[in-house]
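Letters go in sequence order (proteins before strands), and every chain restarts at 1. Side-chain atoms are counted along with the backbone in the values below, which use heavy atoms only and exclude waters and symmetry mates.
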2 protein chains.
Amino acid sequence: MATIRDVSKLAGVSTTTVSRYLNQNSYVGKKTSEKIQNAIDELNYSPSAVARSLSTSSSNLIGLLFPNLSNPYFPQLIDGIEGELKRRGYTVLLGRLDNKDEFPSYLRTFENNNIAGIISSAGIIPAQKVSVPIVEVDRISQNSKYFVTTNDFLGGSLIGDNVARTVGTTNIAIIKGPNTSRKSIDRFEGLCSVLLKYPALKITEIASNTFDIKLVDSVIKQIFDLDPFPDTIIAQNDLYAIVILQELLKRGIKVPEQTQVIGYDGINFLDLIYPRIATVEQPIYELGSETANLMVQIIENSNLKETQIQLDVKFSAGATLRPTRKEIYH
Amino acid sequence: MATIRDVSKLAGVSTTTVSRYLNQNSYVGKKTSEKIQNAIDELNYSPSAVARSLSTSSSNLIGLLFPNLSNPYFPQLIDGIEGELKRRGYTVLLGRLDNKDEFPSYLRTFENNNIAGIISSAGIIPAQKVSVPIVEVDRISQNSKYFVTTNDFLGGSLIGDNVARTVGTTNIAIIKGPNTSRKSIDRFEGLCSVLLKYPALKITEIASNTFDIKLVDSVIKQIFDLDPFPDTIIAQNDLYAIVILQELLKRGIKVPEQTQVIGYDGINFLDLIYPRIATVEQPIYELGSETANLMVQIIENSNLKETQIQLDVKFSAGATLRPTRKEIYH
DNA sequence: GAACGATATGTAATCGGTTAAAAAGGCTAT
DNA sequence: ATAGCCTTTTTAACCGATTACATATCGTTC
């Protein structure tokens, strides 16, 4: 590989001048510029990111932390993040946290590589000092300075609106996410803000202490042990909704006639499932690209417009929801 | 961040000695070692990967190239790759190829970062000179030197075996992968090696020129235009199988009584789908970890046992397959 | 007690960039 | 003609590691 010194020799100038030409941050004469560009072309030169990183104590590397990929939500999110970062000239260093204890190890690796920032959707980042900016997405920890999220209260209330109006709805089971999660709480509150207007509704909460899909079995069991069986199941996310739907079909329970199901997230996998599951669509790709965008703005020190971004969600009708009855409260 | 100079000063030795202590590659006295370790602990020192990389022209970074994450097969594969690499002390640089034109750009970025090797499941890697070892997994390009794959001929024949023996099987539709893919060809040949023993079977090939799930609609259309409608559909992968299954259910076609369906891959998503789809299970995680393993062996120059690894697959029965009839050919 | 090998440590160059400081040439205004 | 400013370029130090080469000490062996 050619070095800046090779280029400077071939162009007959000093390395300083070449460096200035490359970084466009100081005066370089027109003829000199041409000579340098010719040398670069001839040698197929490309500056070493490593040397640059050592010299400037910064880089174009972004550390990406996420919990696991078993929920297709994350691959979609990563698509958005990586896509935007690539476009902006940054490269992603991968960090998959099987459990939170791995954080210090990744942090050390990241810092040793002079990363410019960390994007995390892994939830709680220990309060310990991290030397670079952290942007969180989806799973936000408390006291987070920079984050991108969606309007979960809105999402919850959209579900409430749409569910409460369907015919034959009297007995609702809600799978509630972990109480430690701001998102879960907001969704639940959004949901309740609507449902409490309908005092005749029976509501059963089923706690799911984690987002981990592996623990779905115990949740399923709790639901199907309910007596009387609910006519409406509000799942914590699409993955739960899919499992519940399949289980209902297996047991011969008619969907949505006997029981209607609604998910959350809008993962692209829903396209493959019949019947189409009603859900709240998050703009997953945009969530990722906005996160990347915010990260780059922080790094490049543009005047930051917002440091905390909230995107809207929208309701996506589906075949797992009963038709709306005549509105009587309105 | 503390540097090796800080450590050497605190320990009262030269940086050379500290470096030797860290890399365990030369004599360091016992007492000196203790002093150095104490200094390291006190300063919470960790060597700069960047400086090391510049100095040695190598790193612990591995570039990972893959096509996209829309098929859950890839997230699982990446789990395996990243998991093993992390255990071995390597870090992954992400490269998502939306299209093949992006390869040179990623290659350049990777090389500028002194990566130690590239793992690719993105298919055709241009023949151009790449300065580091490339290990391919799943989608192998021609003339590949290092790769990890599964026994596709075996997989195809397993499907043949299991399908041919089911009751009422006379009319089989096969979704065939791209002819440019060694894997697709092998699977098809494995399948045919069995099916041709049953001359009474009617076989229809449906070409799918790509693995891209987005183009699934045209394939679906071709299938459902078939007349007479097949009693057996052999999908190219599980994702296709899921879509086809849902479409069959939507149209009220009984599965497996009227038409049986079989997939390929064994993605963990099948766990969520009812009825359980019969498939050929690839050891996806192991495929990833073996790939990482091979990569590390190449880099660390151990005596390589194998440079091309083929893992076995196994048949996974499911509820989308009809029962076996009495074997009459055997 | 001289020669030798093993052990132990240090000096200084190097990897490939960036950048502060200095210097030199050209232009304009007085 | 001189000062002052803008433009252009170079010299040389530096980022934080590694490593070839030099040097010193020690214990063995003949």
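C:dG17 atom C1' lies 13 Å from atom CG of B:Asn113, rounded to whole Å. Remark: P of C:dT19 and CD of A:Gln24 are 14 Å apart, rounded to the nearest angstrom. If you measure from atom CD1 of B:Ile4 to atom P of D:dT19, you get 11 Å, rounded to the nearest angstrom. For A:Leu22 and C:dT18, the CG to C1' distance is 11 Å, given to the nearest whole Å. In this structure, B:Asn23 atom CG and D:dT19 atom C1' are separated by 10 Å, rounded to whole Å. In this entry the distance linking CZ of A:Arg5 with C1' of D:dA12 reads 11 Å, nearest Å. For B:Tyr21 and D:dT18, the OH to P distance is 14 Å, given to the nearest whole Å. Look at CG on A:Asn112: it is 12 Å from P on D:dT18, rounded to the nearest Å.
A close approach under 4.0 Å does occur between a side-chain nitrogen or oxygen of B:Ser19 and OP1 or OP2 of D:dT18. Listed pair B:Tyr27 / C:dA8 fails the phosphate criterion, with no side-chain N or O lying under 4.0 Å from OP1 or OP2. Not one side-chain nitrogen or oxygen of A:Thr15 sits closer than 4.0 Å to the OP1 or OP2 atom of D:dT10.
Looking at B:Thr16, its side chain has no donor and acceptor atom pair within 3.5 Å of the base of C:dT9.
Between B:Lys145 and B:Thr307, the side chains place no donor N or O within less than 3.5 Å of an acceptor N or O (distance only, hydrogens not considered). Between the side chains of A:Ser46 and B:Asn112, at least one donor-acceptor pair of N or O atoms lies under 3.5 Å. A:Gln37 and A:Asp41 share a side-chain donor-acceptor pair at under 3.5 Å. Using a 3.5 Å distance cut-off with no hydrogens or angles, the side chains of A:Ser131 and A:Glu111 do pair a donor with an acceptor. Side-chain polar atoms of B:Ser59 and B:Asn114 form no donor-acceptor pair below 3.5 angstrom.
Considering every non-hydrogen atom in both B:Tyr106 and A:Glu82, the closest pair reads OH-OE2, 2.7 Å. Counting all heavy atoms, side chain and backbone alike, A:Leu287 lies closest to A:Gln282 at CD2-OE1, 3.9 Å.
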Check: What do the steps show when you test A:Tyr45 against A:Leu22 for side chain to side chain contact (heavy atoms under 4.5 Å, CB included), and what is the final call?
Finding: CA-CA 11 Å; A:Tyr45 166 76; A:Leu22 290 170; 3.8 Å; yes
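Between B:Leu94 and A:Leu93, every side-chain heavy-atom pair lies at or beyond the 4.5 Å cut-off.
Direction change of the helix axis from one end of the helix from C:dG1-D:dC30 to C:dT30-D:dA1 to the other is 50°, with five pairs defining each end axis (rounded to 10°).
Residues from residues 43-63 of chain A with heavy atoms under 4.0 angstrom of DNA chain D, sorted by number: A:Leu54, A:Ser55. Proximity of residues 29-38 of chain A to DNA chain D (heavy atom under 4.0 angstrom from any strand atom) is restricted to A:Gly29, A:Thr32.
With C:dA21, C:dG17, C:dT11 as the choices, the nucleotide that has an atom nearest any side-chain atom of A:Arg20 turns out to be C:dA21.
Using a 4.0 Å heavy-atom criterion, one finds that A:Thr3 contacts the sugar-phosphate atoms exclusively.
Of the candidates A:Ile118, A:Leu77, A:Ile119, A:Val137, A:Leu64 forms a side chain to side chain contact (heavy atoms under 4.5 Å, CB included) with just one, namely A:Ile119.
Separation of atoms OH (B:Tyr146) and OG1 (B:Thr291) is listed at 14.0 Å; rounding is to 0.5 Å.
Salt-bridge annotation for B:Arg87 and B:Glu84: present, with a side-chain N of the basic residue lying under 4.0 Å from a carboxylate O of the acidic one.
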